There are 2 protein chains.
Amino acid sequence: MIYVKIRVSKFSALETIGKTRSSFANSHMAKLLKVQQPVTLIAQLRSHCSTCNLRELCMPVDLSSEDMQRINALTQLKRGYSRGDYLYRSGDAFHSLYAIRSGSFKTQVLHEDGREQVTGFQMTGEIIGMDAISTDVHACDAIAMESGEVCALPFNQLEAMSRELPSLQRHLYKIMSREIVRDQGIMLLLGSMRAEERLAAFLLNFSQRLAARGFSPTQFQLRMSRQEIGSYLGLKLETVSRAFSHFQNEGIISVKVRSIELLDLAKLQAGLKCQN
Amino acid sequence: MIYVKIRVSKFSALETIGKTRSSFANSHMAKLLKVQQPVTLIAQLRSHCSTCNLRELCMPVDLSSEDMQRINALTQLKRGYSRGDYLYRSGDAFHSLYAIRSGSFKTQVLHEDGREQVTGFQMTGEIIGMDAISTDVHACDAIAMESGEVCALPFNQLEAMSRELPSLQRHLYKIMSREIVRDQGIMLLLGSMRAEERLAAFLLNFSQRLAARGFSPTQFQLRMSRQEIGSYLGLKLETVSRAFSHFQNEGIISVKVRSIELLDLAKLQAGLKCQN
DNA sequence: GAGCTGGTTTGATATATGTCAAAATACGCG
DNA sequence: CGCGTATTTTGACATATATCAAACCAGCTC
């Protein structure tokens, strides 16, 4: 049953989101291409990163405007996607890292027998695809949870540029290291926390990341199902649902299916320390 | 109780293994320093990496001998350590990555409440410390499981050199990516495997890594306790012990406390796919 | 609005793993 | 070698989470 939905086609990452890209082309891109002069077009495309309000999150901040131009040049490959699109699949050849401009993704690894493990939920400003650098083949799937846009950053160009721009090189090392630290945190969660602690940790982490992006840290909409949360936390969906209900009964959070309000952050945090 | 042994002192990584280093200085290093001419000394130290029989594992292989010399220069910081030594502790300032020349380590993250999670067992030829790059502070502890030697690779020098040596830069990206993939595998294990599957996966992984180093893949000594294995696999030590006993009763492995013999690799592997 | 469909909640029960305890075995030291 | 300590094994029992099942609910199509 689970098997069926996996890898129904062998499209590469590029082809997978081709549909969406062409629909995108009909709007913004097309306007640029047809209405304006080539020179203006290039200038507009190039101004991309330097005007992107997320750039602190995905790219180094201390570049000269000249160096910034060079990075801009990399990111002409902007692509739209919609819910359910694969950005890449496990086994796909590696070309690019992806900076999420808007929207959100989940990444998952598959076991031969069909079991799947969600390894992360990524949101705006985060970079994904670094798993593929080691073997030049993607080691997991990245699937859109809602529609949005990514910048494709061709890795061989990033690599070459990072030799000349020390701060870019350092930035790449840092985001990879950050990913390693993040993964260690999840191991701690999966290896030594109980169900409700896991959910509390998940909610708090989500809340922090929203706050970092200027959204309310206490009221938000989850983009993922109970099943996906369960997979991420190493629990079954029923257990996740029960934990939500329990937190609600305790007055710690308010749950309306996927609309969450955190009412008592202190108690949520406390739940992480002593397992009542 | 667990608290007591943690962070009894605030020694930096350098100081932590200071004792062992000075005892080392009394032997090999001292001989070099006192008996030989400076020029010869430097030559000997510099020949380190190029003659190290592990270099495929920790450093790129396609360097010219000239470039190799430059990497050698980095690795003068060879240090001995013995069982129980901390190579670094969570919170220590970051200076170096460490290449394990001989011996083995475990890395662990600590939760405020004292719970600890072993995040990996590292052996000869592996590089550790990459968690610290993102914040310039180590995010986990690295503790020796037996005596051996490491090369300290000062990261600011590695970073600078990697700008001039593309293959070194690429290598660093790759080993960090490899770590990310490895961690994802552990998440899969912790999030969706049952106790015996986890142990089977652990044993097979251990076996493969020994084989890659020229040791017997079917007969080996574990360097870690049941408790440490349990922490790594997200299980209690009793569960680990029972799983060992069960495998032994099935004739899949032979267990004499920490001496393990894998008798039926196929069955071990099968255990990973269908949970009997 | 009726009827589907897929996701969510809740309940009853099963089971894998944890907990507690004791015996067995290995290990270090005088 | 024998003693004391730490680790491992094994057993009996407890419990957190999984499983199975049904009811509920939201969103979508017709």
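This one's a predicted model, so the numbers in the text were calculated from it and none came from an experiment. Residue numbering restarts at 1 for every chain, and letters A, B, ... go by the order of the sequence lines.
- To the nearest angstrom, C1' of D/dA18 lies 13 Å from CZ of A/Arg198.
- For A/Phe105 and A/Tyr81, the distance between ring centers is under 6.0 angstrom.
- Under the 3.5 Å distance criterion, with hydrogens and angles disregarded, no donor-acceptor pair is assigned to the side chains of B/Glu149 and B/Ser102.
- Rounded to an integer number of Å, the gap from CZ of B/Arg226 to P of C/dT17 is 17 Å.
- Both the sub-6.0 Å distance and the 45° axial angle are satisfied by A/Arg226 relative to the ring of A/Phe244.
- The separation between A/Arg194 atom CZ and C/dT19 atom P is 9 Å, rounded to whole Å.
- A straight line from NE2 of A/His246 to C1' of D/dA16 spans 13 Å, rounded to a whole angstrom.
- Minimum heavy-atom separation, A/Ile143 to A/Gly84: CG2-O, 3.8 Å.
- To the nearest angstrom, C1' of D/dT7 lies 13 Å from CZ of B/Phe244.
- In this structure, the CZ atom of B/Arg223 is 14 Å from the P atom of D/dT8, given to the nearest Å.
- Checked against the 6.0 Å centroid criterion, the rings of B/Phe121 and B/Tyr232 qualify as a close aromatic pair.
- Using a 4.0 Å heavy-atom cutoff across all strands shown, A/Ser225 reaches sugar-phosphate atoms only and no base atom.
- Using a 4.5 Å heavy-atom cutoff, the side chains of A/Ser207 and A/Phe220 are in contact.
- For B/Arg242 against D/dG11, a side-chain-to-base donor-acceptor contact under 3.5 Å is present.
- Of the N and O atoms on the side chains of A/Glu116 and A/His111, not one donor lies less than 3.5 Å from an acceptor on the other residue.
- Computed from coordinates, the A/Gln227 CD to D/dA18 P distance equals 12 Å when rounded to whole Å.
- Ring pair A/Tyr98/A/Tyr88 is parallel by interplanar angle, where below 30° counts as parallel and above 60° as perpendicular.
- Within residues 228-239 of chain B, the residues that place at least one heavy atom under 4.0 Å from DNA chain C are, in residue-number order, B/Gly234, B/Leu235, B/Lys236, B/Glu238, B/Thr239.
- Between A/Leu210 and A/Met123 there is a side-chain heavy-atom pair separated by less than 4.5 Å.
- At a threshold of 4.0 angstrom between heavy atoms, the contacts of A/Ser245 are confined to the sugar-phosphate backbone, with no base atom among them.
- For DNA chain D, none of the residues of residues 255-262 of chain A falls under the heavy-atom distance limit of 4.0 Å.
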